[in-house]
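Step one of this worksheet: look at the structure below.
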Number of protein chains: 2
Amino acid sequence: MASTESLNNTEKDILEAAKKVFVEKGYSGARMQAIADEANINKAMLHYYFRSKDALFDRIVDGAVEIMAREFTPVLSSEGSVMEKVEMLIDGYTKTIIENPYIPIFVLNELSQNADKYQARLKSKMEKTQFFSGFLFQIAEEQQKGILKPVGVDQFIITVMSLLVFPFVARPVFENMLGLEKGQYFEMMENRKALIKEIIHSSLVEKKNI
Amino acid sequence: MASTESLNNTEKDILEAAKKVFVEKGYSGARMQAIADEANINKAMLHYYFRSKDALFDRIVDGAVEIMAREFTPVLSSEGSVMEKVEMLIDGYTKTIIENPYIPIFVLNELSQNADKYQARLKSKMEKTQFFSGFLFQIAEEQQKGILKPVGVDQFIITVMSLLVFPFVARPVFENMLGLEKGQYFEMMENRKALIKEIIHSSLVEKKNI
DNA sequence: CAAAGGTTTATCCAAATGGTTAATACAAAG
DNA sequence: CTTTGTATTAACCATTTGGATAAACCTTTG
């Protein structure tokens with residue numbers, strides 16, 4: 001429910017504008033008036049459609065959660081080796097985040113700040129937690145069997161996510177630091193998919209000695 | 001100038017409290033009253049010592065910049081191969097951030113949002129930019145000479161920083177996701193130093209074929 | 001075309017918030 | 001002990017901001 005379908009234009013405009021302003025300014029820094037301006041509508045419309053700033057924000061979070069769930073659930077619940085799943089995640093995540101660059105920033109900035117509030121929602125709405133803990137278990141298993149290097153489950157997860165997620169979270173910093181523009185940067189992220197896979201293979205996967 | 005010396009107690013208390021509240025709530029979300037409460041002082045004292053919210057925030061940013069500059073400048077301006085420098089940075093950064101965990105969160109959350117405002121300060125205050133661009137050049141050089149794998153300068157930088165920085169930025173998320181506590185997490189980051197070096201060696205450094 | 005229901009607007013409001021001020025407490029110096 | 005400059009407090013203020021409201025405006029439909 002509540003995807004982008006079945007929304008009238010004003011509603012979509014509001015969501016787009018809100019997304020932008022919330023990401024740029026953060027929840028507290030975002031002004032309802034700024035969102036209204038960005039959407040070219042009267043401020044009262046925000047409340048007409050979404051009742052409150054909080055509700056509007058939550059709606060966007062819900063959207064993000066849904067997008068990520070759609071991305072992760074099928075991969076994590078599929079059959080296949082850890083590395084097969086990881087490679088699928090790298091491709092899928094990169095694609096999804098290039099389409100929705102606001103998501104990782106949201107997760108890090110806002111969800112970290114109100115951990116208590118959103119933690120519940122995350123764990124509940126996605127029974128995916130099953131898949132996730134199952135995935136953790138599978139990693140442990142393959143590390144024990146000698147398929148993966150025995151670096152520990154936590155380090156494995158942290159490493160993969162660092163390589164995959166950080167470039168998107170720190171995009172503003174990197175673009176500035178390396179003198180790139182948004183377009184170039186995303187192109188670079190496309191190329192990066194292959195590099196990440198190589199890095200993981202050469203450092204977290206046990207070399208086959210047949 | 002303006003290190004922690006030569007500050008009376010109230011002043012130190014304020015800075016500590018402000019650091020905490022700013023990191024937890026972000027600049028806009030932070031309330032002067034909350035900072036005062038955290039420091040157990042009257043709200044007016046904040047203005048007495050630091051004049052305004054903005055000035056107080058800037059003061060903390062300055063502190064962070066100084067700490068990081070002290071960390072990076074000597075390493076980047078030293079003699080030595082890229083990998084020697086990278087290894088020094090890994091050790092130094094990990095130590096510094098465990099002592100000042102607020103810094104990476106600050107950089108990412110706040111500095112990204114007011115890029116324009118702080119970009120200037122960063123580039124000016126540190127002529128370090130020289131050292132940095134010099135470092136970039138050295139990476140290009142070693143990649144060309146076949147010392148480092150030719151993955152490109154940008155990818156090299158992004159990869160190293162991802163592995164090193166992300167675990168600290170995403171600490172709240174990971175602690176929650178993996179069920180760890182602050183102490184355990186930092187311990188893990190200590191161990192991670194070695195792992196990061198291995199990863200970089202096995203994936204970004206050309207294998208010696210003597 | 002007129003009633004009805006949904007949409008949009010201008011205006012207003014109460015609460016929150018950064019900041020000010022004037023009075024008070026305190027400590028050091030004479 | 002008094003003076004003087006600093007530290008601290010309580011009360012107050014102006015502005016901002018999320019939100020409410022009632023009137024005006026469309027659009028649909030009977």
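Chain letters run A, B, ... following the sequence lines, proteins first, then strands; residues in each count from 1. We use all heavy atoms of the structure for the numbers below, so side chains are in, but hydrogens, waters and symmetry mates are not.
The closest side-chain heavy-atom distance from A:R192 to B:S162 is below 4.5 Å. Annotation: side chain of A:E142 is not in contact with side chain of A:M83 (no heavy-atom distance under 4.5 Å).
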inquiry  = Across nucleotides 10-19 of chain C, 5' to 3', mark each nucleotide with B, S or - according to how protein heavy atoms within less than 4.0 Å reach it.
reply    = B------SBB

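Taking the side-chain contact (heavy atoms from CB on, under 4.5 Å) definition, one finds that B:S28 meets it with A:S28, sequence neighbours left out.
Within the structure, the ring pair (Phe, Tyr, Trp, His ring centres under 6.0 Å) test picks out the following pairs touching residues 75-108 of chain B (sequence neighbours left out): B:F57-B:F106, B:Y102-B:F106.
Summarising the geometry, the separation between CG on A:L46 and P on C:dT7 is reported as 15 Å, rounded to the nearest angstrom. The distance from atom OH of B:Y48 to atom C1' of C:dA23 is 15 Å, rounded to the nearest whole Å. In this structure, the CG atom of B:N8 is 16 Å from the C1' atom of C:dA28, given to the nearest Å.
Using the six-membered ring where Trp is involved, A:F166 and A:F174 have ring planes that are perpendicular, over 60° apart on the 30 and 60° scheme.
Here the range on DNA chain D touched by chain B, meaning any atom under 4.0 Å from one of its heavy atoms, is D:dT6 to D:dA10.
In this structure, B:F50 reaches neither bases nor backbone, as no heavy-atom distance under 4.0 Å exists between it and the strands shown.
Looking at B:D58 and B:R51, no side-chain N of the basic residue comes within less than 4.0 Å of a carboxylate O on the acidic one, giving no salt bridge.
Taking the centre and axis of the six-membered ring of A:F156, the NZ or CZ atom of A:K149 falls outside the cone set by 45° and 6.0 Å.
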task = Show the numbers, then the answer: is there a side chain to side chain donor-acceptor pair (under 3.5 Å) between A:D37 and A:Q33?
result = CA-CA 6 Å; A:D37 291 348; A:Q33 187 60 57; 2.9 Å; yes

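The minimum heavy-atom distance linking A:F50 with A:A55 is given by the pair O-CB, 3.0 Å.
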Can you give the donor-acceptor pairs under 3.5 Å from side chains of residues 15-25 of chain B to other protein atoms, not counting sequence neighbours?
{"from": "B:E16", "atom 1": "OE2", "to": "B:K19", "atom 2": "NZ", "distance (Å)": "3.1"}
{"from": "B:K20", "atom 1": "NZ", "to": "B:E38", "atom 2": "OE2", "distance (Å)": "3.3"}

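The rotation axes computed at either terminus of the helix from C:dC1-D:dG30 to C:dG30-D:dC1 lie 10° apart, taking five pairs at each end and rounding to 10 degrees.
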